[in-house]
**Student:** 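To start, I am sharing the structure in question, which I have written as structure tokens.
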Amino acid sequence: MVFLFTTTPARAGDVESRVDSLLQQMTLNEKVRLLCGHDNRFTYPVPRLGIPQLQMSDGPVGAHNDGPDTAYPSSIALAATWNADLAMQFGESIGSDCRARGDNFILGPAMDMYRVPVCGRNSEYLGEDPYLSGTIAARVVRGIQSKGVAATVKHYAGNEQEDHRGTESDEVDERTLREIYMRQFEIVVRDSHPWAVMAAYNRINGTYCTANHWLLTDVLKNEWGFEGIVMSDWGATHDEVGPANAGLDLEMPGGEHFTPAKLLPLIKNGSIPQAAIDDKVRRLLRVMVTMGFLDRPQKDSSIPLDNPRSVQTALEIARQGTVLLKNEGNLLPLDRTRIKSVVIIGPNADPGVVGCGGSSQTEPFHSVSVVAGVQKLVGKTVNVIYLPLTPEQQLDDLAAHSLYQPISADASAPLQAEFFDNKELQGSPKFIRGDKTIHFDWSAQTPPPAGLDVQHFSARWTTKITPPADGNYTFALGSHEGSRLFIDGEQVIDLWAGHPFRQESITRKLTGGKTYNLRIEFFSGWHECSVRFGWGAARPVLDSHQQEKIASADAAIICVGFNTDTESEGFDRPYALTSNQNDLILSVSHLNPHSIVLINSGGNVAMNSWINHIPALLQAWYPGQEGGTALAEILFGDTNPSGHLPATFEKRFQDSPAYKYYPGKDDKVPYKEGIFVGYRYFDAKNIEPRYPFGYGLSYTTFKFSDLKIKPALPDGQEFTATVRVTNTGDRAGGEVAQFYVGQDNPSLPRPPRWLVGYGKVFLMPGESKVRSVTIDPSSLCYWDTALHHWKVDAGGYQLWAGASSRSLGVKAGFAFP
Ligand code: BGC
């Protein structure tokens with residue numbers, strides 16, 4: 001059966017007559033002036049008609065522009081709460097923050113898919129499942145707009161990596177687009193009527209999103225009934241006629257293409273129809289009339305800038321979004337009546353890392369680090385020992401340290417450097433020379449030697465080194481783009497991929513006086529091009545004072561992860577934590593068996609080297625300004641963790657379905673894993689993840705029972721499913737009831753099961769509650785590429801309920817007529 005979604009119009013009847021009357025009074029010049037922004041975040045006013053200048057605030061985790069604001073936890077932490085009511089509360093809070101500042105639009109929520117763990121903006125997004133992402137975002141939008149602020153859902157569509165985002169094209173088939181990468185936008189547009197959509201930087205199947213008629217007009221406006229404005233991401237408009245006719249309404253930040261000087265002649269000569277201009281202006285006016293922008297000042301000075309209600313919301317998201325991933329021997333919660341001392345160490349311990357870098361970065365009025373949070377909560381009863389790391393111990397930027405020293409000061413024994421005029425070190429070298437160091441930055445100003453094309457060459461350096469004494473030695477390599485290091489023929493650092501500057505280091509035990517062969521290889525495929533290498537005697541991870549404190553404490557809390565410099569908009573991050581952080585975890589856990597790791601990241605990281613050495617692990621995402629309070633409460637049991645993963649955490653990056661297609665080649669990113677994204681892939685291929693989608697531990701235990709499904713409508717096309725959740729432990733706690741369905745005999749490849757509903761439930765010990773979900777054709781449909789429609793097959797389906805995609809204790813069959 002072909003299935004048609006319906007959308008109820010967002011506007012009221014009298015809105016249109018007011019919009020028409022304003023439009024009729026406007027000159028063409030005034031209309032065109034409205035179509036691009038100025039000063040980064042404003043539209044132009046038309047004072048004679050009372051049309052105000054509109055102001056935008058960046059999002060999605062803080063309404064920030066001028067001055068500080070409440071810094072909420074990262075969006076992925078909000079998704080990890082699996083709490084739609086909390087998402088609504090978040091929308092209301094950030095909406096109020098906007099009103100306190102006079103913002104008409106907020107640039108959020110952001111909802112591209114978590115496709116690879118290393119995407120620089122995963123923390124701004126809502127995970128790997130379109131249903132979870134779409135339904136959480138829908139509530140955020142409702143909350144924002146209930147405060148008289150227009151939400152801007154972004155980035156439509158397919159901005160799933162930051163490397164090359166401004167030029168790359170997602171090569172993706174129609175079904176995958178509809179079911180995975182556009183589905184969450186469809187849910188939010190149909191459900192909550194956001195008044196703005198931001199068109200993404202990237203291209204889809206060759207066409208820029210800002211100039212993609214199919215994406216913006218055929219689907220978004222015509223099929224989904226979107227009545228608001230499409231604005232471009234900042235600088236994502238590349239032309240006038242294409243974007244104007246494709247359905248882009250507002251160029252931001254403005255001033256380049258949609259200017260009167262450029263548009264008026266094109267309207268005059270018919271390249272851009274007058275009707276297209278009127279439609280854009282009508283949409284803008286419709287937003288203004290519906291949201292009340294014409295009838296009241298947008299700034300509400302009665303709302304405090306540092307709003308205690310917003311602070312409370314930020315704290316609650318951090319409490320409910322933190323995910324307890326490991327808790328061997330019930331080490332957590334720490335019992336403050338029994339332990340006497342706790343050590344806190346790690347680069348992210350103090351000050352805390354509130355959010356990732358880039359346009360979402362929010363400066364809070366005040367923030368609580370893990371150190372401050374723990375001290376405040378238990379400081380009187382437990383001796384809290386904070387052990388700051390020295391700059392050398394952090395070594396996060398190896399390039400800034402003395403490791404990058406000449407490899408050989410002896411001009412008679414330089415490195416042999418071979419340069420090739422291709423990216424694969426193929427054929428005979430174009431030329432050979434001797435280098436003393438590897439510390440090069442080649443660009444248009446300082447081009448690579450011998451006329452090599454900066455975007456298309458490779459190089460290999462070989463040398464021998466002889467360490468002066470037995471001991472540990474660190475080797476550090478960094479490059480933009482790919483590089484790799486071999487010691488005696490064994491590859492020990494692998495950065496062999498197209499990416500902005502990245503660095504890795506390894507530490508090896510070497511024998512003094514013995515000679516080792518080094519080989520460093522590099523390629524460039526980009527106009528920015530650099531490579532650096534160095535080695536030297538390794539520094540001790542911990543000094544003797546730190547070692548002694550760690551060994552004698554009752555527990556050690558290790559705060560690691562990324563920060564605003566290392567995980568950010570604009571580039572993707574490494575999969576691994578820096579090697580000194582990995583070493584820190586190993587060294588601390590070796591000294592203290594009660595070691596707890598707290599990670600700040602927007603997604604999974606490489607854990608293989610240390611995961612079996614630590615008993616407890618908390619995924620803290622970026623927990624916002626109140627993160628330290630929430631984490632302290634979780635560590636000491638004042639809050640029982642109830643977050644669940646909104647993305648699969650794989651055992652190794654290589655297991656990720658998109659691994660072999662990422663980051664793409666020649667500006668094309670094949671989305672060849674198709675609809676099998678995240679748990680859909682792991683389940684279909686039967687690959688064991690480290691932590692599955694939907695997973696999260698609690699300090700109590702829950703039981704799922706009595707799964708029932710029965711028809712809700714006489715035509716049998718809608719069902720109500722219910723499940724009972726019981727707290728079987730001895731602590732109050734929250735659990736997420738997750739519902740998944742799968743088709744018995746699908747007529748085309750489908751995942752074994754997919755999420756169709758969820759509900760958070762808080763239970764006292766022994767208490768039980770029933771959670772329900774409506775199952776209708778929208779839960780069962782797939783995109784039929786022959787009909788270009790959603791379709792539902794009649795026949796048998798299975799329904800599961802449980803606490804994660806891999807913990808589905810109860811199951812029931814049903815038939816769709
Ligand atoms: C980002 C958007 C952001 C905009 C305005 C762009 O670089 O991609 O998400 O809203 O800047 O700051």
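None of these values were measured; they are calculated from a predicted model.
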**Student:** Please tell me whether T70 and R309 have a donor and an acceptor in their side chains that are separated by less than 3.5 angstrom.
**Tutor:** no

**Student:** Checking F653 now: which residues fulfil ring pair (Phe, Tyr, Trp, His ring centres under 6.0 Å) with it, not counting sequence neighbours?
**Tutor:** Y575, Y659

**Student:** Of all residues at least two apart in sequence or in a different chain, which pass the salt bridge (charged side-chain N to carboxylate O under 4.0 Å, His left out) check with E328?
**Tutor:** K326

**Student:** Looking at W790, I'd like to know if the NZ or CZ of R183 sits under 6.0 Å from its six-membered ring centre while staying within 45 degrees of the ring's axis.
**Tutor:** yes

**Student:** Using the salt bridge (charged side-chain N to carboxylate O under 4.0 Å, His left out) criterion, which residues pair with D58? Sequence neighbours excluded.
**Tutor:** K154

**Student:** Do any pairs count as a side chain to side chain donor-acceptor pair (under 3.5 Å) and have a residue in residues 761-775, sequence neighbours left out, and if so which ones?
**Tutor:** R724-S768

**Student:** Verify the neighbour count for atom CZ of R190: are there more than 12 heavy atoms of other residues, nucleotides or ligands below 6.0 Å?
**Tutor:** yes

**Student:** Report, as yes or no, whether the 6.0 Å neighbourhood of atom CG on D730 holds more than 12 heavy atoms from other residues, nucleotides or ligands.
**Tutor:** no

**Student:** Would E673 and Y671 count as having a side-chain donor-acceptor pair, cut-off 3.5 Å?
**Tutor:** no

**Student:** Just jot down the ring pair (Phe, Tyr, Trp, His ring centres under 6.0 Å) partners of Y662, sequence neighbours excluded, or say none.
**Tutor:** none

**Student:** If only side-chain N and O atoms count, and only distance matters, is there a donor-acceptor pair under 3.5 Å linking S367 with E626?
**Tutor:** no

**Student:** Looking at L617, T648, N604, L697, which hits side-chain contact (heavy atoms from CB on, under 4.5 Å) with Y691?
**Tutor:** L617

**Student:** Taking atom types as modelled, find out whether Y181 and D112 have a side-chain donor-acceptor pair closer than 3.5 angstrom.
**Tutor:** no

**Student:** Indicate every side-chain donor-acceptor pair of residues 314-321 with a distance under 3.5 Å to a residue at least two apart or in another chain.
**Tutor:**
from: E316; atom 1: OE1; to: R319; atom 2: NH1; distance (Å): 2.9
from: E316; atom 1: OE2; to: Q320; atom 2: NE2; distance (Å): 2.9
from: R319; atom 1: NE; to: E633; atom 2: OE1; distance (Å): 2.6
from: R319; atom 1: NH2; to: E633; atom 2: OE1; distance (Å): 3.4
from: R319; atom 1: NH2; to: E633; atom 2: OE2; distance (Å): 3.0
from: Q320; atom 1: OE1; to: N83; atom 2: ND2; distance (Å): 3.0
from: Q320; atom 1: OE1; to: K760; atom 2: NZ; distance (Å): 3.4

**Student:** Sequence neighbours excluded, which residues qualify as salt bridge (charged side-chain N to carboxylate O under 4.0 Å, His left out) partners of E128?
**Tutor:** none

**Student:** Name all residues meeting the side-chain contact (heavy atoms from CB on, under 4.5 Å) criterion together with P351; count only those two or more places apart in sequence or in a different chain, and write none if there are none.
**Tutor:** none

**Student:** For residues N122 and R573, is any side-chain donor paired with an opposing acceptor at under 3.5 Å?
**Tutor:** no

**Student:** Only counting residues at least two apart or in another chain, list the ones meeting salt bridge (charged side-chain N to carboxylate O under 4.0 Å, His left out) with E92.
**Tutor:** none

**Student:** Return the set of residues passing side-chain contact (heavy atoms from CB on, under 4.5 Å) with P692 (not counting sequence neighbours), or none when no residue passes.
**Tutor:** P689, Y695, S804, S805, R806

**Student:** Tell me every residue that passes side-chain contact (heavy atoms from CB on, under 4.5 Å) with D191, counting only those two or more places apart in sequence or in another chain.
**Tutor:** A138, R142

**Student:** My understanding is that only residues two or more places apart in sequence, or in another chain, count here; which of them pass side-chain contact (heavy atoms from CB on, under 4.5 Å) with A71?
**Tutor:** V354, T362, P364, Q625

**Student:** Taking atom types as modelled, find out whether N600 and N348 have a side-chain donor-acceptor pair closer than 3.5 angstrom.
**Tutor:** yes

**Student:** Does a donor on one side chain sit under 3.5 Å from an acceptor on the other, for S75 and E124?
**Tutor:** no

